[in-house]
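Here the structure comes first, spelled out in structure tokens, and everything after it is commentary.
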Amino acid sequence: MRTRPVLLVIAHGSRDPRHAATVHALVERVRSLRPGLRVETGFLDFNVPSVHGVLESLAAEGVRDVVALPLLLTRAFHAKSDIPAVLRDAPARLRIRQADVLGPSPLLLSALERRLYEAGLTPADKSSTGVVLASAGSSDPEAIAVIADIAREWRGTGWCAVRPAFASASLPRTEDAVRELRQLGCERVAVAPYVLAPGFLPDRIARGAAEADVRGEVLGAAPEVARVLLERYDRARRPTLTALGA
């Protein structure tokens, strides 16, 4: 029986200890959904183990095949530059395939709604609630366009309105989007953080949500997020489909 590639989840890392704790909780959920799949975690910065260190250890053990999965919601600088650069420096014996980033995905929209319902909304509130889709932000136009597309798609599921907002690099800020939805006449306003783990920028989103009626928690270890990780892994380990861009 052919050995399945090791799944290496690559997280950004943060000085905030909540970040690594959330990443590890998500990875544990992935393991619980796919018993027998070896899942490792590496960080680009601030936390250990580093991506390079994990790859060196895997090579020393005799592992040959690895799927490297960026724990990112959009294809921006880290997915396009940082991670490929780290993977190019991996031991030569490793065969590494880089999986797609997590977003966009219908499962992530389901996770966003889960967090809003956990914060107090109900499905009956959708038509009278405006939502701020609050992401970390990026200077990459592709990443910004994806967030705008997700907001438009989510609006089509029945919300009063959905507006994108960004904690850095781009505008509008969360607080400005909250005020815009008030001016539109939405009965209530909710902020949905489109981020995976707590940290500096998610805290900025939380401060910007001070005037909102409801604020969801970060996506974290939501089961839908774990399922997206496994979808990306399965897609990456099929070479023919990957080569076709499927």
Side-chain angles (χ1 to χ4, degrees), residues 1-14 17-44 47-49 51 53-55 57-58 61 63-75 78-79 83 87 94-119 123 135-136 146 150 153-154 157 192-199 202 216-242 246:
M1 181 177 176
R2 186 175 179 180
T3 303
R4 286 182 291 185
V6 172
L7 170 56
L8 172 58
V9 176
I10 300 179
H12 182 272
S14 171
R18 297 173 298 168
H19 175 90
T22 302
V23 170
H24 291 310
L26 175 57
V27 168
E28 283 303 316
R29 188 177 285 275
V30 171
R31 291 184 178 122
S32 73
L33 292 177
R34 188 72 62 87
L37 172 62
R38 181 172 178 181
V39 187
E40 300 290 343
T41 308
F43 295 91
L44 291 174
N47 302 105
V48 293
V51 176
V54 174
L55 291 171
S57 295
L58 291 174
E61 289 179 30
V63 170
R64 292 299 304 276
D65 293 301
V66 176
V67 170
L69 195 156
L71 197 59
L72 301 168
L73 294 172
T74 58
R75 268 183 50 79
H78 294 303
I83 291 175
L87 297 181
L94 293 175
R95 292 190 293 255
I96 303 175
R97 303 169 203 163
Q98 182 176 331
D100 292 335
V101 297
L102 302 186
S105 167
L107 285 170
L108 294 179
L109 288 182
S110 296
L112 287 167
E113 293 205 1
R114 170 193 290 273
R115 293 304 188 220
L116 291 180
Y117 296 152
E118 289 170 348
S135 75
V146 166
I150 293 170
E153 179 182 350
W154 203 15
T157 67
Y194 190 59
V195 292
L196 287 166
E217 294 298 323
V218 299
L219 294 172
E224 297 89 348
V225 180
R227 287 168 59 196
V228 175
L229 263 72
L230 289 172
E231 283 186 356
R232 298 295 184 258
Y233 169 80
D234 289 337
R235 181 182 296 179
R237 66 190 287 251
R238 296 195 290 267
T240 301
L241 293 181
T242 303

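Nothing fancy with the numbering, it's 1 onward along the sequence.
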ask   = Okay, side chain of Glu153, backbone of Pro106: is any donor-acceptor separation there less than 3.5 Å?
value = no

query = Taking the side chain from Asp65 and the backbone from Arg4, do they hold a donor-acceptor pair closer than 3.5 Å?
reply = no

ask   = Which pair of heavy atoms, one from Val195 and one from Pro202, lies closest together, and at what distance?
value = CG2-CG, 3.9 Å

request  = Heavy atoms only: give me the nearest Pro223-Arg114 pair and the separation to one decimal.
outcome  = CG-NH2, 3.3 Å

request  = Walk me through it: do Val30 and Leu230 pass the test side-chain contact (heavy atoms from CB on, under 4.5 Å)?
outcome  = CA-CA 7 Å; Val30 171; Leu230 289 172; 3.7 Å; yes

query = Ala119 and Gly216: which non-hydrogen atoms are nearest, and at how many Å?
reply = CB-CA, 4.2 Å

query = Hey, is CD on Glu217 packed in by over 12 heavy atoms from elsewhere, all under 6.0 Å?
reply = no

inquiry  = Contact between Leu7 and Arg34 at the side-chain level, heavy atoms closer than 4.5 Å - yes or no?
reply    = no

inquiry  = Donor-acceptor pair, distance only, cut-off 3.5 Å: does the side chain of Arg115 make one with the backbone of Val218?
reply    = yes

CA sep, side-chain torsions, deciding dist, call: Val6, Glu61, side-chain contact (heavy atoms from CB on, under 4.5 Å) = CA-CA 12 Å; Val6 172; Glu61 289 179 30; over 6 Å; no

task = Would you mind reporting whether Glu231 and Leu107 have side-chain heavy atoms less than 4.5 Å apart?
result = yes

Tyr233 (side chain) donor-acceptor with Pro5 (main chain) under 3.5 angstrom = yes

task = Compare all side-chain heavy atoms of Leu26 with those of Leu71 and state whether any distance is below 4.5 angstrom.
result = yes

inquiry  = So that I can tick it off, tell me whether Arg31 and Glu28 are bridged by a salt bridge, with the cut-off set at under 4.0 angstrom between side-chain N and carboxylate O.
reply    = yes

inquiry  = I'd like to check Asn47 versus His24 (side-chain heavy atoms, cut-off strictly below 4.5 Å). Are they in contact?
reply    = no

request  = Write down the atom of Gly220, the atom of Thr22, and the distance for their closest heavy-atom approach.
outcome  = CA-CG2, 3.6 Å

query = Between Phe43 and Val48, is any pair of side-chain heavy atoms under 4.5 Å apart?
reply = no

query = Can you name the one residue among Ser110, Ser105, Pro104 that meets side-chain contact (heavy atoms from CB on, under 4.5 Å) with Leu108?
reply = Ser105

key: Spatial distance of atom CG (Leu33) from atom CG (Leu229) [nearest 0.5 Å]   = 10.0 Å

ask   = Checking Arg64 side chain against Thr3 main chain: does a donor-acceptor pair fall under 3.5 Å?
value = no

key: Least distance between heavy atoms, His19 atom then Pro198 atom   = CB-O, 3.6 Å

ask   = Side chains of Val228 and Val225: closer than 4.5 Å at any heavy-atom pair?
value = no

query = How far does CD1 of Ile83 sit from CD1 of Ile96, to the nearest 0.5 angstrom?
reply = 12.0 Å

query = Quick one: are Leu102 and Leu196 in side-chain contact, heavy atoms under 4.5 Å?
reply = yes

message = Working to the nearest 0.5 angstrom, can you tell me the gap between Arg97 CZ and Leu87 CG?
response = 13.5 Å

query = Of all heavy-atom pairs between Gln98 and Pro70, which one has the smallest distance, and what is that distance?
reply = NE2-CG, 3.9 Å

key: Donor-acceptor pair, side chain of Arg29 and main chain of Ala221, under 3.5 angstrom   = yes

ask   = Between atom CG of Leu73 and atom CD1 of Ile150, what is the distance when rounded to the nearest 0.5 Å?
value = 8.0 Å

inquiry  = With a 4.5 Å cut-off on side-chain heavy atoms, are Ile10 and Leu72 touching?
reply    = no

ask   = Yes or no on side-chain contact (heavy atoms from CB on, under 4.5 Å) for Thr157 and Glu113, after CA distance, side-chain angles and deciding distance?
value = CA-CA 11 Å; Thr157 67; Glu113 293 205 1; 3.7 Å; yes

